[in-house]
Amino acid sequence: MLTPRQPAPALSVDTLAHGRFELHAASPERFTLICFYRGLHCPICASYLKELERLTPEFAARGVETIAISSDGAERAAEMAAKVGAQALRVGYGLPLTKAREWGLYISTSRGKTSIGIEEPALFSEPGVFLIRPDGTIYYLSVQSMPFVRPNFAEMVAALDFVIKNDYPARGEFTGAV
């Protein structure tokens, strides 16, 4: 189980327009926001990533770099990037499912074509959102087993204002006996 204040798993993926993303080499002022998404087949992901693209400048103003990552290949990732109008948002692709599992993401099996007529991959990861500190430790994590009810990015921007102002620590860190 991943735990706040502990090191995040290693993460390295190609991106569409920004070279290779290496989490250990990331140097944001405050956080790296990693949004794992299901893939091109998911209409909810497209809406979600549009919102992240819209708010990426707000995150950047708070010292937060953003990246959206899926296990899709480059072609499907490029289609998703075009669909969401990704300009500021980095889009990573080719996430190995073994790595998705290291990040605590749930894995689903294909049910064929989705409501938008795009075939699901045989296996793919479900969504997750993480804030990682520059030192590589986990600050925030949210992992879903379904495509529905994800963390709200506008609320996260507002929460970051509080976090920054109050030097609020990562919570959920206790791993001792209860």
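A quick note: this is a predicted structure, and the numbers were derived from the prediction, not measured. In what follows, residues are counted from 1 in the order of the sequence shown. These values consider heavy atoms only, across backbone and side chains, with no hydrogens, waters or symmetry-generated copies.
Residue A26 comes nearest to T32 through the heavy atom pair CB-OG1, 3.8 Å, listed as atom of the first residue, atom of the second, then distance. The two residues P28 and E65 come nearest to each other via the heavy atoms CA-OE2, 3.6 Å. Nearest heavy-atom pair across A77 and L16 is O-CD1, 3.5 Å. Shown here for L95 and A100, the closest heavy-atom pair between the two residues is CD2-CB, 3.8 Å. Taking each heavy atom of R5 and P169 in turn, the nearest pair found is NH2-CB, 3.4 Å. Nearest heavy-atom pair across G92 and V13 is CA-CG2, 4.1 Å.
With sequence neighbours left out, R101 forms a salt bridge (charged side-chain N to carboxylate O under 4.0 Å, His left out) with no residue at all. With sequence neighbours excluded, no residue forms a side-chain contact (heavy atoms from CB on, under 4.5 Å) with A158. Shown here are the side chain to side chain donor-acceptor pair (under 3.5 Å) partners of S47, two or more places apart in sequence or in another chain: there are none. Considering only residues two or more places apart in sequence or on other chains, A8 meets the side-chain contact (heavy atoms from CB on, under 4.5 Å) condition with L23, W103, I132, I138. Every residue meeting the side-chain contact (heavy atoms from CB on, under 4.5 Å) condition with T56, not counting sequence neighbours, appears here in chain and number order: L52, T66, A88, L89. Among residues two or more places apart in sequence or in another chain, the side chain to side chain donor-acceptor pair (under 3.5 Å) test is passed with R62 by E58, D161. Partners of R20 according to the side chain to side chain donor-acceptor pair (under 3.5 Å) rule, which considers only residues two or more places apart in sequence or in another chain, are S12, D14. Remark: F148 pairs with no residue by the ring pair (Phe, Tyr, Trp, His ring centres under 6.0 Å) rule, at least two apart or across chains. For T3, the side chain to side chain donor-acceptor pair (under 3.5 Å) test picks out no residue, with sequence neighbours left out. A46 pairs by the side-chain contact (heavy atoms from CB on, under 4.5 Å) definition with M80, K83, V84, not counting sequence neighbours.
Shown are F153, F36, Y37; of these, the ring-ring contact (aromatic ring centres under 6.0 Å, His included) with Y48 is made only by F153.
Considering only heavy atoms from C-beta on, L33 comes within 4.5 Å of F59 through its side chain. Between L11 and I34, the closest side-chain pair of non-hydrogen atoms falls below 4.5 Å. In this structure the side chain of Y93 never reaches within 4.5 angstrom of the side chain of R76, judged on heavy atoms. The side-chain heavy atoms of V143 and L105, taken from C-beta on, include a pair separated by under 4.5 Å. A heavy-atom distance below 4.5 Å is not found between the side chains of S125 and R38. Counting heavy atoms from C-beta on, the side chains of R171 and P4 never come closer than 4.5 Å. Side chains of P9 and L2 form a contact here, defined as non-hydrogen atoms less than 4.5 Å apart.
By the 4.5 Å side-chain criterion applied to Ile, Leu, Val, Met, Phe, Trp and Tyr, L123 is assigned to a cluster that also includes L97, I107.
Taking a cutoff of 4.0 Å between a charged side-chain nitrogen and a carboxylate oxygen, R111 and E120 do not qualify as a salt bridge. We find that E102 and K99 are joined by a salt bridge, their nearest charged nitrogen and carboxylate oxygen being less than 4.0 Å apart. With salt bridges taken as basic N to acidic carboxylate O contacts below 4.0 Å, one links R54 and E51.
Using modelled atom types, one side-chain atom of T114 and one backbone atom of H41 make a donor-acceptor pair closer than 3.5 Å. D135 places a side-chain N or O within 3.5 Å of a backbone atom of T137 that can act as its donor or acceptor partner. Although no hydrogens or angles enter the test, the distance criterion places no donor-acceptor pair under 3.5 Å between the side chain of R90 and the main chain of T15.
Clustering ILVMFWY residues whenever any of their side-chain heavy atoms sit less than 4.5 angstrom apart, transitively, puts V149 in a cluster other than the one holding V129. One hydrophobic cluster, built from ILVMFWY side chains closer than 4.5 Å, cannot hold both L49 and I69; they sit in different ones. Under the 4.5 Å side-chain heavy-atom criterion for grouping Ile, Leu, Val, Met, Phe, Trp and Tyr, V157 is connected to F31 within one hydrophobic cluster.
Once rounded to the nearest 0.5 Å, the distance linking CZ of F21 with CD1 of I67 reads 4.5 Å. Atom CE of M146 and atom CD1 of I44 lie 8.5 Å apart (nearest 0.5 Å). Rounding to the nearest 0.5 Å gives a distance of 6.5 Å between OG1 of T175 and CD of Q6. One finds the OG atom of S71 at 8.5 Å from the CZ atom of F124 (value rounded to the nearest 0.5 Å).
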Chi angles and distances behind the side chain to side chain contact (heavy atoms under 4.5 Å, CB included) call for Q87, E53: CA-CA 7 Å; Q87 297 294 314; E53 165 66 24; 3.6 Å; yes
Check against side chain to side chain contact (heavy atoms under 4.5 Å, CB included), V64 and L131: CA-CA 9 Å; V64 180; L131 286 173; 4.3 Å; yes
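Sorted by first then second residue, the side chain to side chain donor-acceptor pair (under 3.5 Å) pairs that include residues 139-154, not counting sequence neighbours, are S142-Q144.
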